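Presented below is the structure to which this report refers.
Per chain, numbering begins at 1; letters A, B, ... match sequence-line order. Since the model is a prediction, treat every value here as computed from it, not as a measurement. We use all heavy atoms of the structure for the numbers below, so side chains are in, but hydrogens, waters and symmetry mates are not.
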Protein chains: 2
Amino acid sequence: MRILLDVSDMTIDHLDHVEINLQPIGRRISIPIGITILEASQIAGIELSTICGGTGTCGGCKIRLLEGEISPINPTELELFSGDEIESGFRLACQAKILSSVRIEIPPESLTTSQRLQIEGREIELSFDPVVIRVDISLTAPDLHDLRADYSRIKEYLQSIGYSNINIRFPTLREISTQLRAHHWEATLAIKGNEIIAILPKGNEIYGIAVDVGTTKLAAYLVDLSNGNTVSKRGAMNPQISYGEDVISRIGYVNNHEDGTKILQSRLVDTLNDLISQLVQEADISNHQIVEAVIVGNTAMHHLFAGLPVHQLGTAPYVPVISDALEIPVFNIGLDINRGATIYLPPNVAGYVGADHVAMLLAAKAAEHRQDAHTIVSLDIGTNTEISLYHWGRHLSCSCASGPAFEGAHIREGMRAAPGAIERVRLNEKQVQIKTIGNIPPVGICGSGILDTVSELLTHHVIDARGVFIGEHPKLHRINGKYEFILASAEESGHGRNVVVTRHDVNEIQLAKGAIRAGVEVLLDEAGITDSDIDEFIIAGAFGTYLDLESAIRIGMFPDLPRNRFQQIGNAAGLGAKALLISKGMRTKADQIVEEVEYIELTTQPGFTDAYMEALAFN
Amino acid sequence: MRILLDVSDMTIDHLDHVEINLQPIGRRISIPIGITILEASQIAGIELSTICGGTGTCGGCKIRLLEGEISPINPTELELFSGDEIESGFRLACQAKILSSVRIEIPPESLTTSQRLQIEGREIELSFDPVVIRVDISLTAPDLHDLRADYSRIKEYLQSIGYSNINIRFPTLREISTQLRAHHWEATLAIKGNEIIAILPKGNEIYGIAVDVGTTKLAAYLVDLSNGNTVSKRGAMNPQISYGEDVISRIGYVNNHEDGTKILQSRLVDTLNDLISQLVQEADISNHQIVEAVIVGNTAMHHLFAGLPVHQLGTAPYVPVISDALEIPVFNIGLDINRGATIYLPPNVAGYVGADHVAMLLAAKAAEHRQDAHTIVSLDIGTNTEISLYHWGRHLSCSCASGPAFEGAHIREGMRAAPGAIERVRLNEKQVQIKTIGNIPPVGICGSGILDTVSELLTHHVIDARGVFIGEHPKLHRINGKYEFILASAEESGHGRNVVVTRHDVNEIQLAKGAIRAGVEVLLDEAGITDSDIDEFIIAGAFGTYLDLESAIRIGMFPDLPRNRFQQIGNAAGLGAKALLISKGMRTKADQIVEEVEYIELTTQPGFTDAYMEALAFN
């Protein structure tokens, strides 16, 4: 293995080296041409399932080629895969040799350990006034003296108990006659507004599903609509990652493929249906009992989920098809829930301030812990960071391109928050202390780890305000004329190479934190206030939950406020989705927020460039 | 050919004779076992297309086996048909030999002459207040200072010209961004109520389609929604005939086949889509320009079209799933019109008084020619005859089982109103005068022909009031101990056999006319009035148009009123469908009618049996 050590140079100019990009984990490294994908994964520190030891008999290391060239399929693989699988690009990692730079998708079942998913949010008490209610009915059977139609029978019964002007969804109408006759003219109805949306055997509880569709991760919550309790939750990777890691590349994919919208939508819906089937199994209910869904996501995820065109989202001036809240009859989408169900998507503010941000604002609003807070900043950090400032009744929002560094991308040894990722770093004058996810040997560095590292390097004067290595430290080495700060040596790491941080990595963090801080400053400036006026500073999202607040303040990403003004609320978008599922009032509030919010387009905002330049340095 | 003459005995007990049932023409005859389907069709007087003279090379006599046994497929046929066709039962009539009683479907393209279809109705002036209107819009393009969503842009434009609280159908939302960008931010919208249902290139007219779905025939009308004019019309046979000639046998088919509902629905929808494609081609428009559809049919056709269960329609007490008017988003059905369109189905009164009857009442209402008419009977004759009595503000309706005799079924030489059918008959003491549809040699007898025959036999005392042959006439022969009245001799007929009327045929007409007359009498009785109180007597439907009024009165099917009180209005259901397409007021009226109508269930009505017994005789 030692001979492979200097492979991780990231220069892919060598003829005999190429890059492998492993999805959905997000790990990219340089490897020698000609080795198998299994060997390359091992170098990258990613453990694939290989019970047979790489002989091609167990089929455990199944992967899918997304891009690039690998050796032709061999008889061992031909025997193992169906025609469909072969056409979809499935191969065995142990058999396929890498012939060019490649992009590979690793299905979850081929991984020995799974990724950390963001399905937890702070438990915040939400108001409960459900959009769909449950009504039990008990009818008299028709006879020759009572020839009313089945539906009239239901309507008149409902009228007798106080529901008037009732309508029924067409897919549900198709079910009533069979249901009523199968269950002695008794049933449970799910009613939304004045519409019957579902008919179930009497006594069945009704449920809703809330889903946060992140660009990278999905989080789904099954909620009991009789009391608002979450009965099960599950996470998964967004399968669209295979078609582009970020929003822009997925829009590019759609622009370049005639069926692009359909493909991305159906991949997402398939994965959501898998999640739903896990959720209902865990809760021991039937899919038919799910009568409402709430989906939140950024504007691109929103459009791709709904099958709306995204071309115009990818070109200036980046306008969405719709910014109003959307209620889609489920049969337009193909989600595996009751056929009469509706999918609610909250309104969005602008092309880059999506419904997930609105959901976050709702959750943040619910999370406010000071009644007298009049100036509140809330933000959700991602490839795009959405920032909102509430100041005495005024709502300002913007979105800044903070880049994928905190997701581990564009960082030499970066990776997503999967097992083996260094997530905590502490320095003293001689040593480095690290903590990895899962407490296993380090594989790479995730967002919170690189943030900690930069903060510690600053504190110990190993780098200066410009991000240049200036200090001395036993772990700082100069290799090929460039500094590398070693977090874990080849001996300590899971793959026999040093896990290092470079000048380039530090710069990536500067760009990201600079954009975020500049966004905050522009909003404060627009409101005519300064940092110290902020009463509450709410940080949402996966990375926002795991980051070390002190580190973030140290590098200047957040202003240096009293610490009790900060709150890290976890998956606020998911929490907001749940709030929108169980509360009519929250839906009204979502409409209000969008109505009120003043969207600040940073690219045309005069003060932004100055604020950005200023925020780049570590002060 | 002469040796085949006594074949038409209808007794299929002979080992060497079987029955062939030719659909959708509805011709059934007995034929010797072992002959080809082509030969059998020739015996039945049905001309199939055979350019090659029956050698199997032209493929013109393509038919489909629905039931029964024929010779195995031979190489000639194997070469001609695709695998799909073979699986669907397609064969060549000239190659396939009949091995048992069979039911055969003849596709329209295999017939040399086509059937007479009922698409004409009396042109009655209808009020015009359309359900869908057309609005042209002209928007400003987005730029960095106007980031509104595409849909907000449309909504705000509409608001500026007076349309508020506008919504949009989801399938249409999917189209707006592409449409607007392709046409310089201009478009034509179709708006229904407060909903945008379609977006089209600016200046496009919008259209609607009205369809009368009869058990036997379909009639479709393409209507310009800007002025209510019919721009094209087409008819076709209902393809469900292959699964059962009447409503009861189709319900039976569904009960016995798991996918029955789906199969019958998709066959019907496919044929409607063919009609639509002919209509739009004739009018030189695009399918997208059709933004609303109205479908009327009896309750079973209504349910089968909508994909609603029919099991409970076939068992006492025969209740429909729904009797309210129904608006179905088109994507639930698969009709080939604008994806945002709705399909409107008028309300129905009961299991056997369907939306087609309601449509007929609307048309009859529009057709009333006397302002002072206070007592109006209207009826639509079919296998089930729906009868309605309006008397000084009171509406009574019933449905009677008049049987399929007037469609040519259960009549020895009966057939539907296709070319070659005898439709007019006049007798003198020695001779018979006949007229056939298309003025070609007689093939069989259709409903109006048999009605005329019975009337003339009565007038000339060849039969008595009981329907028994008593008189003498050169054309009356006794064969095998049974009387046959010869309308056309073997020499005159198109197929070398006598076309005759038997005692059995006369009895079938007695049963049918008795049921209709009894229905009328029961309604009059319920209202406490008699025949002479009827101010107007309106006859709708295909058979109702072609029947000879004098004959119908002569045999006692209709009361003997002054002739100016009768009106034959043609396809009233189709006319009613058109009225419902172009008038909001008519839809309100349809709801009112159903609200007001008192449905009289004849099977439980005490006076019905007596009235029926009385009406059976010819008086």
Side-chain angles (χ1 to χ4, degrees), chain A residues 141-155 167-171 173-181 261 299 303 306-313 315-324 326-329 331-333 339 343 347-353 599 601 603-604, chain B residues 141-155 167-171 173-181 261 299 303 306-313 315-324 326-329 331-333 339 342-343 347-352 599 601 603-604:
Chain A
D143 59 41
L144 279 174
H145 303 283
D146 177 3
L147 298 168
R148 284 175 299 160
D150 293 347
Y151 175 56
S152 301
R153 211 166 285 277
I154 292 177
K155 250 182 23 176
N167 287 308
I168 189 165
R169 298 261 165 100
F170 183 68
L173 180 69
R174 279 182 167 160
E175 290 176 17
I176 59 170
S177 297
T178 313
Q179 273 279 356
L180 288 174
R181 281 172 182 77
T261 310
T299 308
H303 279 40
L308 295 170
V310 291
H311 176 82
Q312 79 295 337
L313 270 186
T315 351
Y318 315 104
V319 294
V321 174
I322 184 167
S323 54
D324 297 11
L326 194 50
E327 299 220 18
I328 312 175
F331 39 85
N332 286 286
I333 302 292
R339 278 183 247 178
I343 303 170
N348 56 62
V349 177
Y352 284 108
V353 183
Y599 174 65
E601 174 56 48
T603 53
T604 55
Chain B
D143 60 41
L144 278 174
H145 303 285
D146 177 3
L147 298 169
R148 284 175 299 159
D150 293 347
Y151 174 56
S152 301
R153 210 167 286 278
I154 292 177
K155 249 183 21 174
N167 287 309
I168 188 165
R169 298 261 165 99
F170 183 68
L173 180 69
R174 278 183 169 159
E175 290 176 15
I176 60 171
S177 297
T178 314
Q179 273 279 356
L180 288 173
R181 281 173 183 77
T261 311
T299 309
H303 278 41
L308 294 171
V310 291
H311 177 81
Q312 78 296 335
L313 270 185
T315 352
Y318 314 104
V319 294
V321 175
I322 184 168
S323 53
D324 297 12
L326 194 51
E327 300 220 18
I328 311 176
F331 40 86
N332 287 284
I333 301 292
R339 279 184 245 178
T342 325
I343 303 170
N348 56 64
V349 176
Y352 284 108
Y599 174 64
E601 173 56 47
T603 53
T604 56

Most chain A-contacting option - heavy-atom pairs closer than 4.5 Å, from B/Glu327, B/Arg181, B/His145: B/Arg181
Rounded distance [0.5 Å steps], CZ in B/Phe170 versus CG in A/Asn332: 5.5 Å
Heavy-atom contact with chain B under 4.5 Å, split by part of A/Ile322: both
B/Gln312 side chain near A/Asp150 side chain, heavy-atom distance below 4.5 Å: yes
Under 4.5 Å from any heavy atom of chain B - which part of A/Arg169: neither
Interface residue of largest heavy-atom contact number with chain A, from B/Ala316, B/Pro329, B/Ser152, B/Gly307, under 4.5 Å: B/Gly307
Top contributor to chain A contacts, counting heavy-atom pairs under 4.5 Å, from B/Ile168, B/Thr261, B/Leu144, B/Ile154: B/Leu144
Residue, of B/Thr178, B/Thr604, B/Leu173, that accumulates the most heavy atom pairs under 4.5 Å with chain A: B/Leu173
Taking every non-hydrogen atom, the tightest pair across A/Pro320 and B/Leu147: CD-O, 4.4 Å
Interface moiety of A/Asp324 toward chain B, non-hydrogen atoms closer than 4.5 Å: side chain
Residue selection (most heavy-atom pairs with chain B, distance under 4.5 Å) from A/His311, A/Glu175, A/His303, A/Lys155: A/Lys155
Heavy-atom check, side chain of A/Ser177 versus side chain of B/Leu308, under 4.5 Å: no
Which portion of A/Leu326 sits near chain B, non-hydrogen atoms under 4.5 angstrom: side chain
A/Arg339, CZ: over 12 other non-hydrogen atoms inside 6.0 angstrom: no
Side-chain donor/acceptor of A/Arg174 to backbone N/O of B/Ala306, under 3.5 Å: yes
